[in-house]
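Step one of this worksheet: look at the structure below.
Below, chain A is the first sequence line, B the second, and so on; all start at residue 1.
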There are 2 protein chains.
Amino acid sequence: MGYKYNKEEILDVGYDVFRRNGYHNVGINQILKESGIPKGSFYNFFDSKEDFAQQVIKRYGENNQCWMQKYFDDCELSPIECLKSFYAMMIHYNEEDNYAGGCLVNNMCVEVGRNNDMLAKESNQQFVGWLQILASVVKKGQDQGQITTQYNSLWLAEYLHAGFYGVLSRTKVTRNREYMDAWHTMTFNFITQ
Amino acid sequence: MGYKYNKEEILDVGYDVFRRNGYHNVGINQILKESGIPKGSFYNFFDSKEDFAQQVIKRYGENNQCWMQKYFDDCELSPIECLKSFYAMMIHYNEEDNYAGGCLVNNMCVEVGRNNDMLAKESNQQFVGWLQILASVVKKGQDQGQITTQYNSLWLAEYLHAGFYGVLSRTKVTRNREYMDAWHTMTFNFITQ
DNA sequence: AAAATTAAACAGAACGGTCTAATTATTTTA
DNA sequence: TAAAATAATTAGACCGTTCTGTTTAATTTT
């Protein structure tokens with residue numbers, strides 16, 4: 001009949017807590033408190049804080065990948081308009097969230113990407129998954145003559161991706177969306193054929 | 001005749017340690033050990049870890065601002081070529097450093113920018129200082145007809161700034177310069193008149 | 001009954017920060 | 001100018017708390 005707790009619940013709490021507070025600023029006790037499970041149960045499910053964080057990144061990354069895929073599959077606009085609306089939505093979400101956390105995976109990359117190979121590898125793997133989806137949409141836009149063909153679709157996907165996280169990070173201290181909107185306007189102007 | 005230690009030495013150690021390891025992953029003891037001073041002396045100079053970090057950010061930010069100003073003042077190329085060479089140099093430095101730390105201020109923004117108003121404010125202040133210099137070079141490039149005048153110089157400066165830190169962050173997990181070079185190529189193509 | 005899970009007490013190390021004493025530098029006084 | 005008084009700095013033991021992780025026993029599920 002299943003046990004009292006399950007990994008997924010704890011992973012979801014971990015996602016939220018890590019996203020808002022970072023990795024080293026969060027202790028296991030905080031996760032336990034917010035998910036309401038005792039320490040013994042946590043260490044029954046996870047080997048360590050690091051192992052837990054890896055699974056948090058993986059779960060969120062894969063869910064987000066599915067969500068992105070569905071978004072673009074369902075989007076009835078032209079490829080470039082799909083990309084525009086996708087990033088407009090991301091900017092909107094970030095504003096709604098009061099610029100409170102940004103992206104878990106990007107935060108992890110910056111905070112621990114150079115000192116923790118395991119978390120770096122997992123983060124990169126999830127990013128690559130997202131980038132492939134972006135690249136396929138870019139490719140469609142190129143095939144339809146909307147997006148510049150000066151650069152290949154993966155380069156353009158990485159360009160969108162990095163630019164977005166650059167301005168997203170910037171909002172953590174400016175705490176307004178001005179430069180995100182500017183980025184959106186400029187970027188889609190630049191890459192449009 | 002002066003005392004044994006001085007703040008500047010400790011701040012420089014703090015810069016290096018924070019840049020490579022982040023904020024919450026570093027304890028005061030590590031700073032003490034690496035700078036060779038006892039705890040009593042540290043707390044004689046600084047009120048708290050937070051106060052120390054703020055002064056580290058401020059000192060580095062201001063030094064870097066001077067350095068940037070001098071770089072662009074001394075650069076004998078056209079404005080756009082100065083910007084190109086500046087970012088090419090930054091990419092080169094990051095590779096030489098084996099992608100080991102990135103930029104202290106950007107790291108601080110991402111790690112603590114949403115939870116620590118004091119460090120967020122200081123980080124933003126330093127960024128604004130740098131951005132003003134970039135914007136002034138962009139403006140010169142616009143006046144000389146090399147850089148697009150579709151967007152004002154501050155928007156373009158923020159665009160360069162955010163894009164660069166976006167790809168810089170990306171290298172923390174890819175650990176190679178491919179997309180930094182791609183970013184450089186694409187960005188300067190896009191903003192060139 | 002056996003296996004898996006839950007519960008919470010328990011470790012040892014590390015955390016940021018305090019405290020008092022000793023030392024060094026500076027200013028005041030003789 | 002030398003001695004005395006004061007101020008600033010150095011030193012590190014120490015404080016309570018929190019950190020990740022372990023252990024042992026009770027409970028639940030199979």
Fill in: Aromatic B:Tyr23 / basic B:Lys49 pairing, under 6.0 angstrom, 45° off normal
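Yes, a cation-pi geometry holds between B:Lys49 and B:Tyr23.
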
[N] phosphate, OP1 or OP2: any side-chain N/O from [X] under 4.0 angstrom?
X: A:Lys49; N: D:dT20; result: yes
X: A:Asn29; N: D:dC19; result: yes
X: A:Tyr43; N: D:dT23; result: no

Which whole-number value in Å describes the distance from [X] [atom1] to [N] [atom2]?
X: B:Lys33; N: D:dA11; atom1: NZ; atom2: P; value: 18 Å
X: A:Asn44; N: D:dA25; atom1: CG; atom2: P; value: 18 Å
X: A:Tyr23; N: D:dT20; atom1: OH; atom2: C1'; value: 10 Å
X: B:Asp47; N: C:dG17; atom1: CG; atom2: C1'; value: 12 Å
X: A:Asn25; N: D:dC19; atom1: CG; atom2: P; value: 9 Å
X: B:Lys39; N: C:dA14; atom1: NZ; atom2: P; value: 12 Å
X: A:Ile31; N: D:dT18; atom1: CD1; atom2: C1'; value: 15 Å

Worksheet entry | 5' priority, DNA chain C, between A:Ser41 and B:Glu50 [closest heavy atom] |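 So the residue in question is A:Ser41.
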
